[in-house]
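Note on naming: letters A, B, ... go to the chains in the order of the sequence lines (proteins, then strands), and numbering restarts at 1 for each one. For clarity, every value in this text was computed on a predicted model and none was experimentally measured.
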Amino acid sequence: MANDLLKASHEFREQLLAWYETHHRKLPWRAPPGETADPYHVWLSEVMLQQTTVKTVIPYFQGFLRRWPTLEALALSEREEILSAWAGLGYYRRAMNLHACARTVMEDYNGTFPNSEQELLKLPGIGPYTAAAIAAIAFSRPANVIDGNIERVIARYCLINTPLPAAKAEIARRASKLAPTQSAQRPGDYAQALMDLGAMICTPKAPSCGRCPVQRSCSAFAQGAAEKLPLRLKKPVKPLRRGAAFLIYRGDSLLLRRRPEQGLLAGMMEVPGTGWTSEPPSKQALLAAAPITAKFAKLRGLVRHTFTHFELELTVYRTQLPGDYDEPITQRDPRLKWVAKHELPRQALPSVMRKVIAHDQ
DNA sequence: TATTCGTGGTC
DNA sequence: TGACCAAGAAT
């Protein structure tokens, strides 16, 4: 009966919100239960949290807020500063979109984030999840917020046996039946409560069903099936790619190169090197990729790094040029740049490149 | 619908 | 150690 379903979803929300009052996590971008947080903080944190753990995000979020206390400050900043501050967080396209989004909101929205999912979705770097999350958390707008945590919670609560990602549509339908439909039902707290439940109780492995506020109505718990859900299709094994990188020092400076605007590590800095291919680079490839002709020493060992869809093994070569070496290579190739050692921490160097540099020491 | 995008932590 | 995976978006 439709009435029973309404009653069940109402009880679900009540139990969840009651639990949230006393068990929520205190996070730097959050407002206390019952209040809405600053849209700038919500947006910044949500973008950083895309496929990234809370623990990793916290110091970056605090660093960004210190450096750019307002949306306007961020919009006025140079992209290079933002890329440098983002270095290490991964998914670097997010940093570009962050900058573009800040400028768009300043220019087209008078510096104020739109409060509807529909408008938020138009902004760069804001997809279905982030639009729903900002609308709910910053503006108390009813929205069907679904992230990885909520996906897992719903798959268990509703005993959805279809494997992901095929189950996404079904999970969204079931979640929408439970979610708030009006502001008074605290959509922001509801979304964050579900996420906290997923992070602290309904965890991927060994869920703590004994402490779960909605255990009594959880279908997976009733079947003893919570831990095995959600099912997932097996992921293909990651191929191995190989390449070489050249550490070229001139005095105390290191030669770096800007990566292309598109693709992997877009717009970030790198140690110059070969392309990354399934076969190790040939001698010709090495010669062609080296920015200068010099006597290189091959360093012992390899730098290994795991990307989302492949593994990488880099051989590192090193050379030391005299401090007055003056071949104008940075003019011949404008992507190249000499960077003093003490400036390296402030460069837009992704983790894999920091590994390459550290491999030397 | 399927790929391409990082990184660090966990078990 | 290796496989999994975390507040997904863009194409």
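- Protein atom CH2 of A:W43 is 15 Å distant from nucleotide atom C1' of C:dA9, rounded to whole Å.
- At a threshold of 4.0 angstrom between heavy atoms, the contacts of A:L265 are confined to the sugar-phosphate backbone, with no base atom among them.
- Using a 4.0 Å cut-off between charged side-chain N and carboxylate O, A:R258 and A:E80 make a salt bridge.
- Close to C:dA7, at under 4.0 Å from its OP1 or OP2, lies no side-chain N or O of A:T130.
- Both cation-pi conditions hold for A:R250 and A:W338: the charged atom is under 6.0 angstrom from the six-membered ring centre and inside a 45 degree cone around its axis.
- Counting to the nearest Å, the P atom of C:dA7 and the CG atom of A:L120 are 21 Å from each other.
- A:W276 has its CH2 atom 11 Å from the C1' atom of B:dG6, to the nearest Å.
- Each of A:K355 and A:K205 was matched to the nucleotide of DNA chain B holding its nearest heavy atom; the match closer to the 5' end belongs to A:K355.
- OP1 and OP2 of B:dT3 both lie 4.0 Å or more from every side-chain N or O belonging to A:H309.
- When heavy atoms are screened at a 4.0 angstrom cut-off, A:P124 is found touching the sugar-phosphate backbone but no base atom.
- Residues A:L123 and A:R30 both approach DNA chain C. Their nearest nucleotides, taken by heavy-atom distance, put A:R30 toward the 5′ side.
- Distances from the side chain of A:L264 to the nucleotides C:dG8, C:dA10, B:dC5 place B:dC5 closest.
- Nucleotides C:dA7 and B:dA2 are separated by 23 Å at their C1' atoms, to the nearest Å.
- Considering only side-chain N and O atoms, A:H305 lies nowhere under 4.0 angstrom from the phosphate OP1 or OP2 of B:dG6.
- C:dA6 atom P lies 7 Å from atom CG of A:N149, rounded to whole Å.
- Remark: A:Y91 is not in phosphate contact with B:dT4, judged by side-chain N or O atoms under 4.0 Å from OP1 or OP2.
- For a distance-only test at 3.5 Å, the side chain of A:T306 fails to qualify as a donor-acceptor partner of the base of B:dG6.
- Between A:Y157 and A:F221, the ring centre distance reaches or exceeds 6.0 Å.
- Rounded to whole Å, atom C1' of B:dT4 lies 10 Å from atom CZ of A:F310.
- Here A:V47 lies out of heavy-atom contact (under 4.0 Å) with every strand.
- Residue-level contact check: A:L27 touches the bases, meaning some heavy atom is under 4.0 Å from a base atom.
- At a cut-off of 3.5 Å, with distance as the only test, no side-chain donor of A:H309 or A:K238 sits close to an acceptor on the other residue.
- Contact annotation: A:S351 reaches the phosphate of B:dT7 (side-chain N/O to OP1 or OP2, under 4.0 Å).
- Taking atom P in both C:dT11 and B:dG6, the straight-line distance is 14 Å, to the nearest Å.
- Residue A:Q51 places none of its side-chain N or O atoms closer than 4.0 Å to OP1 or OP2 of C:dA6.
- Backbone-only engagement by A:G263 is indicated by non-hydrogen atom pairs under 4.0 Å involving sugar-phosphate atoms exclusively.
- For the pairing with A:T130, the side chain to side chain donor-acceptor pair (under 3.5 Å) check across A:Q50, A:E46, A:E117 returns one residue only, A:Q50.
- Residues A:F12 and A:H10 place their aromatic rings such that the two centres sit no closer than 6.0 Å.
- Contact annotation: A:K235 reaches the phosphate of C:dC5 (side-chain N/O to OP1 or OP2, under 4.0 Å).
- Atom CD1 in A:I146 sits roughly 17 Å away from atom C1' in C:dA6 (whole-Å rounding).
- Interface remark: the A:R152 side chain does not form any donor-acceptor pair with the C:dA7 base, using a distance-only criterion of under 3.5 Å.
- OP1 or OP2 of C:dC5 sits under 4.0 Å from a side-chain N or O of A:R232.
- Not one side-chain nitrogen or oxygen of A:R94 sits closer than 4.0 Å to the OP1 or OP2 atom of B:dG6.
- Atom C1' of nucleotide B:dC5 and atom CD of A:Q50 are separated by 12 Å, given to the nearest angstrom.
- Between A:K55 and A:P165, the residue anchored closer to the 5' end of DNA chain B is A:P165, taking for each the nucleotide with the nearest heavy atom.
- Within 4.0 Å of A:W86, counting heavy atoms only, lies no atom of the nucleic acid at all.
- Ranked by how close their nearest DNA chain C nucleotide is to the 5' end, A:R93 and A:T53 are led by A:T53.
- When heavy atoms are screened at a 4.0 angstrom cut-off, A:R354 is found touching no nucleic acid atom at all.
- If you take CG of A:L233 and P of B:dT1, they are 13 Å apart, rounded to a whole angstrom.
- With C:dA9, C:dA7, B:dG6 as the choices, the nucleotide that has an atom nearest any side-chain atom of A:P128 turns out to be C:dA9.
- Side-chain contact, A:Q347 with A:S84: no donor N or O sits under 3.5 Å from an acceptor N or O.
- Closest to the side chain of A:V352, out of B:dT7, B:dG6, C:dA7, is B:dT7.
- Counted by atom type alone, A:N97 and A:R94 present zero donor-acceptor pairs between their side chains at under 3.5 Å.
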